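Scroll down for the structure; my scribbles are underneath it.
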Amino acid sequence: MFIRPDLYNSYERWKPKDDVMVEECGVFGIFMDDRRYDPAEATYLGLYALQHRGQESAGIAVADGKDIKFHKGMGLCSEVFKENLGKILGGNIGIGHVRYSTTGDSKADNAQPLVMSYRGGKLALAHNGNLINSSILREKLEDEGAIFQTTIDTEVMASLIARQSRKGMLKAITAMMKVVRGSYALVIMTQKELIAVRDPLGIRPLALGKLDNSYVVASESCAFDAIDAEFVRDVRPGEILVINQDGLKSYQAQSSMKTALCVFEYVYFARPDSDIDGISVYRSRENMGIKLAQAFPIDADLVSDVPDSATPAASGYAAESGIPYAKALAKNRYVGRTFIQPSQALRERGVKLKLNAMKRNVHGKRLILIDDSIVRGTTSRKIVEMLRLAGAREVHMMISSPPVVCPCFFGIDTPSHDQLIGSKNSVEEIRKIIGADTLNYLSIEDLLKTVEGAGCNFCAGCFNGNYPVDMKTALKETEALDLATIE
């Protein structure tokens with residue numbers, strides 16, 4: 001086999017959709033040891049709390065010790081399960097998934113959880129993350145006779161587990177972890193067990209909770225609150241949790257000298273009421289605003305935000321600077337994400353439908369506007385233009401993260417390298433493009449200070465190009481791999 005050029009130049013895989021960084025997925029799982037909730041109902045509530053992580057498809061699978069039932073489809077949780085939740089009630093184990101596609105097409109076949117039969121029975125998987133070597137592994141498995149029903153890398157993981165299943169599920173998952181490279185927070189369900197797995201670098205978050213005598217796992221701790229469960233701890237990088245009638249057992253399948261949690265979880269992706277790896281998301285964002293105020297003092301009349309992820313940072317900036325906070329933009333909560341529109345003209349019109357300037361608040365004012373990031377710059381330009389038309393005298397943009405200069409390969413849908421405004425323009429050039437009076441970004445050093453005390457290190461590859469995995473090396477090693485030798 002040879003290594004295709006597109007596997008080395010992976011930028012072409014990321015097709016630009018909008019002027020935002022888009023998270024890929026949210027996962028949830030529960031093993032019920034009492035009947036306080038039905039597993040499907042508990043999973044539905046958990047997914048609802050994780051809806052911000054994926055709005056393209058949703059799915060739930062449940063097990064009763066003998067069989068696995070599931071339902072999944074395209075759309076939001078409320079749309080997918082409006083009339084279908086009753087079809088999957090019962091059992092004592094449930095897993096669920098909300099998705100926005102990065103690897104794999106946007107279609108119902110690729111919705112998760114992925115449910116398959118194998119020699120030991122049935123298996124269901126839900127995955128948040130992205131494997132960088134899935135294409136090569138898929139080819140190797142197909143050469144062995146494997147048949148794939150989807151285009152997602154989750155099915156590659158399922159196939160790798162199934163081929164080793166005669167050794168037992170724990171050993172099969174451990175063998176899979178030896179060959180896949182990239183990010184994964186996995187919930188796996190057999191007819192009798194719930195299993196949670198986090199990749200050795202801990203790139204994507206995964207947490208453990210407890211509801212009375214029942215165990216819960218989820219991408220974020222906010223999902224536990226939806227069912228009155230208590231946060232226990234974060235799943236450790238490289239850890240496998242096995243939950244069954246005998247309780248919970250932990251296995252450290254792989255250990256890494258370094259960890260690499262995606263720092264953008266704190267900047268944008270996670271809900272502000274979540275804690276990830278020991279750090280409050282809200283507090284870290286508030287500290288981002290404080291750091292911006294300390295680094296870039298501006299004489300202005302009010303501080304505001306681009307809702308909603310930048311709101312804590314704006315609050316922090318206002319508190320540190322002494323400049324009052326006020327809303328400059330109203331958000332229409334009934335407009336979906338602008339990337340779903342089929343043309344750039346409609347996407348730009350979508351910005352105006354989603355956000356509107358509050359004229360009485362901004363007219364004649366010198367405004368500091370906080371946002372979490374600038375990806376392409378088109379949305380920022382429209383917002384600045386909108387505020388000026390509303391009478392703002394000055395618009396000073398503050399960004400609570402560094403410039404995004406590189407794509408992500410680990411589960412975030414970013415535009416291609418040449419579509420990122422920060423990769424080809426200086427800060428001053430970006431300021432001119434968006435039309436702001438001033439533009440300042442939080443430095444990487446100050447960003448990392450806002451998450452000091454976390455029990456991990458961080459991946460900031462989208463800001464500096466330093467990825468936690470050497471992709472060329474990983475692809476070469478995968479090409480040379482003989483799957484028959486994996487134990």
Side-chain angles (χ1 to χ4, degrees), residues 25-101 104-118 120-128 148-152 154-155 158 162 186-196 209 211-212 214-219 223-224 226-229 243-245 336:
C25 301
V27 299
F28 182 91
I30 185 166
F31 188 98
M32 300 295 297
D33 198 36
D34 53 49
R35 303 307 301 167
R36 183 169 174 183
Y37 284 105
D38 182 275
E41 292 176 336
T43 302
Y44 175 77
L45 293 172
L47 292 183
Y48 222 105
L50 298 172
Q51 188 74 86
H52 60 287
R53 299 188 71 88
Q55 301 171 5
E56 185 176 275
S57 67
I60 293 174
V62 297
D64 60 5
K66 297 179 181 179
D67 196 13
I68 291 177
K69 299 183 294 184
F70 67 95
H71 180 77
K72 55 186 179 179
M74 303 301 291
L76 302 174
C77 292
S78 57
E79 299 165 338
V80 173
F81 298 108
K82 183 178 182 181
E83 299 175 351
N84 296 289
L85 192 61
K87 297 177 182 179
I88 52 175
L89 295 178
N92 68 315
I93 315 172
I95 67 170
H97 189 268
V98 288
R99 180 175 190 257
Y100 175 79
S101 62
D105 300 328
S106 174
K107 58 182 183 180
D109 288 348
N110 288 337
Q112 297 183 45
L114 181 65
V115 180
M116 60 181 292
S117 297
Y118 72 111
K122 283 189 174 180
L123 187 68
L125 292 88
H127 168 215
N128 174 32
F148 289 89
Q149 303 296 323
T150 74
T151 60
I152 55 176
T154 310
E155 191 173 11
L186 276 172
V187 287
I188 303 170
M189 183 175 68
T190 67
Q191 290 104 310
K192 297 181 179 181
E193 290 184 324
L194 172 66
I195 303 169
L211 176 63
D212 299 328
S214 302
Y215 285 100
V216 192
V217 291
S219 291
F224 302 150
I227 60 170
D228 298 322
I243 306 165
N244 53 33
Q245 290 291 348

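Count residues from 1 along the sequence. Given the structure is predicted, the values throughout are model-derived calculations rather than measurements.
Among all heavy-atom pairs drawn from I93 and T190, the shortest one is CD1-O, 4.1 Å. Smallest separation of non-hydrogen atoms from D228 and L211: O-CD1, 3.5 Å. Shown here for V216 and A229, the closest heavy-atom pair between the two residues is CG2-CB, 4.2 Å. The two residues K192 and N244 make their nearest non-hydrogen contact at O-CB, 3.8 Å. Closest non-hydrogen pair, V187 versus V217, comes out as CG1-CG2, 3.4 Å. Taking both residues in full, the closest heavy atoms of A42 and Y37 are given as CB-CB, 3.8 Å, listed atom of the first, atom of the second, then distance.
E79 places a side-chain N or O within 3.5 Å of a backbone atom of L76 that can act as its donor or acceptor partner. In terms of modelled atom types and a separation under 3.5 Å, the side chain of D64 and the main chain of K66 share a donor-acceptor contact. In this structure, the side chain of E155 engages the main chain of T150 through a donor-acceptor pair within 3.5 Å. A donor-acceptor contact shorter than 3.5 Å links the side chain of D38 to the backbone of G90. When atom types are taken as modelled, the side chain of S219 and the backbone of V27 share a donor-acceptor pair closer than 3.5 angstrom. Panel note: side chain S214, backbone D33; a donor-acceptor pair is recorded below 3.5 Å. At distances below 3.5 Å, not a single donor-acceptor pair connects side-chain atoms of E56 with backbone N or O atoms of G75. With hydrogens and angles disregarded, a donor-acceptor distance shorter than 3.5 Å links the side chain of K72 to the backbone of P113. The backbone N or O of V80 lies less than 3.5 Å from a partner atom in the side chain of N84, making a donor-acceptor pair.
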Given the rule in the side-chain contact (heavy atoms from CB on, under 4.5 Å) test, do I60 and F81 qualify, once you have shown the distances and angles that lead to the verdict?
CA-CA 9 Å; I60 293 174; F81 298 108; 3.4 Å; yes
Pair L85, E41 - check side-chain contact (heavy atoms from CB on, under 4.5 Å), show working.
CA-CA 8 Å; L85 192 61; E41 292 176 336; 4.2 Å; yes
Between V98 and C25, is a side-chain contact (heavy atoms from CB on, under 4.5 Å) present by the stated rule, with each step listed?
CA-CA 5 Å; V98 288; C25 301; 5.9 Å; no
Given side chain to side chain donor-acceptor pair (under 3.5 Å), test T151 with N110 step by step and report yes or no.
CA-CA 7 Å; T151 60; N110 288 337; 2.8 Å; yes
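With values rounded to the nearest 0.5 angstrom, L45 atom CG is found 7.5 Å from I227 atom CD1. Rounded to the nearest 0.5 Å, atoms CG (L114) and CZ (F70) are 9.0 Å apart. Taken from CG in L123 to CD1 in I195, the straight-line distance is 8.0 Å, to the nearest 0.5 Å. With rounding to the nearest 0.5 angstrom, the OG1 atom of T43 is 8.5 Å from the CD1 atom of I95. Residue M32 holds its CE atom at 12.0 Å from CG of L194, rounded to the nearest 0.5 Å. The CG atom of N92 sits 11.5 Å away from the CD atom of Q191 when rounded to the nearest 0.5 Å.
Enclosure of atom OH in Y118 by more than 12 non-hydrogen atoms of other residues, nucleotides or ligands within 6.0 angstrom is indicated.
Paired with R99 under the rule side-chain contact (heavy atoms from CB on, under 4.5 Å), one option of R53, Q112, H127 passes, and it is Q112.
The shortest side-chain heavy-atom distance between F31 and P39 does not fall under the 4.5 Å cut-off.
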